[in-house]
Amino acid sequence: MPELPEVESLRLTLSCTVLGKTIRAVEIRRSSLREPIACELSTALVGQQIKALARRGKYLLLRLDKGTLVIHLGMSGSLTHRVAARGENSLACGERRSELATALPLDPKHDHLQLSLNDGTELVYNDPRRFGLFKFVEVEDANSLPELKVLGPEPLTDEFNQAYLAAKLRRRKAAIKNVLMDQRVVAGLGNIYASEILFHAGVRPTRKAFSLTLREIGRVVDGTKTVLARAIDAGGTTFRNYLDSRGRPGRFASSLSVYGRAGESCPRCLGKIRCIVLGQRSTFYCPRCQK
DNA sequence: CGCCCGACCTGAGAGC
DNA sequence: TGCTCTCAGGTCGGGC
């Protein structure tokens, strides 16, 4: 589900609401995600303050006093911040409230984990398909983790530029779309934005990566930065079920040029948008605009 | 090493 | 109503 713009939107909204809060209680209802949630997670987190929120590719990183909480939303995950379902007592009863607040998940089947914070609110991790990741590591700099170490540059930094991408594509004969989705080449692009970026660049998704001209590579870099920035401005894309930390959908879906629009008219030439399968994923493009 | 495919898991929606 | 089939925004590991 979530690609870079959705995770970045999540980071921005959570920065306004949970930064500086302290974790009072942890409840794990189901631990079997991509890798099992460690049962020591509770004791490790309780009492720690949320010092900063960062993002690397599609990973959300919560910096705590003594380490980092690494969160990946997989295909269907969401992280929502809400007022505790119970415990509407006065602040003087804060301790009791935090005990009461652990009750009543809104979605008992998929609210797998809940962090109760010191202001009576809670952060809930929900993930029907359980492809996500939720783990605590006792290191300041999570970039040393194996998952993060292999990631390519952040697409919105200067490190991701025409020369860099040209060097990466030179020897690769896979389709350009698949290479853009390779997290080692550039971090954070997934199935929706890969199609959108290639539309913006006027490059057909099936083109072998090495066959792109320097000019085309420049347009791919430019399209990446433009599309991602606009999507972040709109709070991300809700195509099926992505929700931000307030449980609201992103507003970028209506700005998608080709994704999910097979048979509709191309916004540029009014030709018919086509859907093909590439690397077992649906891929959308305009046969006339994308060469 | 790079490429391609299936596996992981569950829910929603279409079609019968 | 209920069954079956397909598809879904990601990542990993195995085979070639």
*Could you tell me the separation between the CZ atom of A/Arg171 and the P atom of B/dC3, rounded to a whole number of Å?*
12 Å
*Going by an N to O cut-off under 4.0 Å, is there a salt bridge joining A/Lys135 and A/Glu147?*
yes
*In whole angstrom, give the distance that lies between atom NZ of A/Lys168 and atom P of B/dG2.*
8 Å
*B/dC8 phosphate, OP1 or OP2: any side-chain N/O from A/Arg34 under 4.0 angstrom?*
no
*asked:* Output the rounded distance in Å from NZ (A/Lys208) to P (B/dC4).
replied: 7 Å
*Interatomic distance where CG belongs to A/Leu33 and P belongs to B/dA7 [whole Å]*: 22 Å
*Is the backbone N or O of A/Glu6 less than 3.5 Å from a side-chain atom of A/Tyr242, with the two atoms forming a donor-acceptor pair by type?*
yes
*asked:* Using heavy-atom distances to pick each residue's nearest nucleotide on DNA chain B, tell me which of A/Gln280 and A/Lys173 is more 5'.
replied: A/Lys173
*If we call it a pair only when both distances are under 3.5 Å in a Watson-Crick or G-U wobble match, what pairs with B/dC9?*
none
*Would you call the rings of A/Tyr59 and A/His72 parallel, tilted or perpendicular, where under 30° means parallel and over 60° means perpendicular?*
perpendicular
_Between the side chains of A/Lys291 and A/Glu216, is the shortest nitrogen-to-carboxylate-oxygen separation below 4.0 Å, so that they form an ion pair?_
no
_Applying a 4.0 Å non-hydrogen cut-off, can you work out what A/Tyr193 is touching in the nucleic acid: base, sugar-phosphate, or nothing?_
nothing
*To the nearest Å, how far apart are A/Leu73 CG and C/dG10 P?*
11 Å
*Specify the separation, in whole Å, of atom CG of A/Asp182 and atom P of C/dC12.*
11 Å
*Would you kindly compare A/Arg184 and A/Gly279 by the position of their nearest DNA chain B nucleotide and give the one closer to the 5′ end?*
A/Arg184
*Between atom CZ in A/Arg281 and atom P in B/dC4, what is the gap in whole Å?*
15 Å
*Using side chain to side chain contact (heavy atoms under 4.5 Å, CB included) as the criterion, point out the one residue from A/Thr226, A/Val220, A/Val221 that pairs with A/Thr224.*
A/Val220
_Under 4.0 angstrom between A/Gln183 side-chain N/O and C/dG10 OP1 or OP2_ = no
*B/dC9 versus C/dG14 - spacing of their P atoms, nearest Å*: 16 Å
*Between the base of C/dA8 and the side chain of A/Arg129, is there any donor-acceptor pair under 3.5 Å?*
yes
*Do we see A/Phe131 stacking on the base of C/dG10, given a limit of 5.5 Å between centres and 30° between planes?*
yes
*How is A/Thr238 classified with respect to the nucleic acid when contacts are heavy atoms under 4.0 Å: base, sugar-phosphate, or nothing?*
base
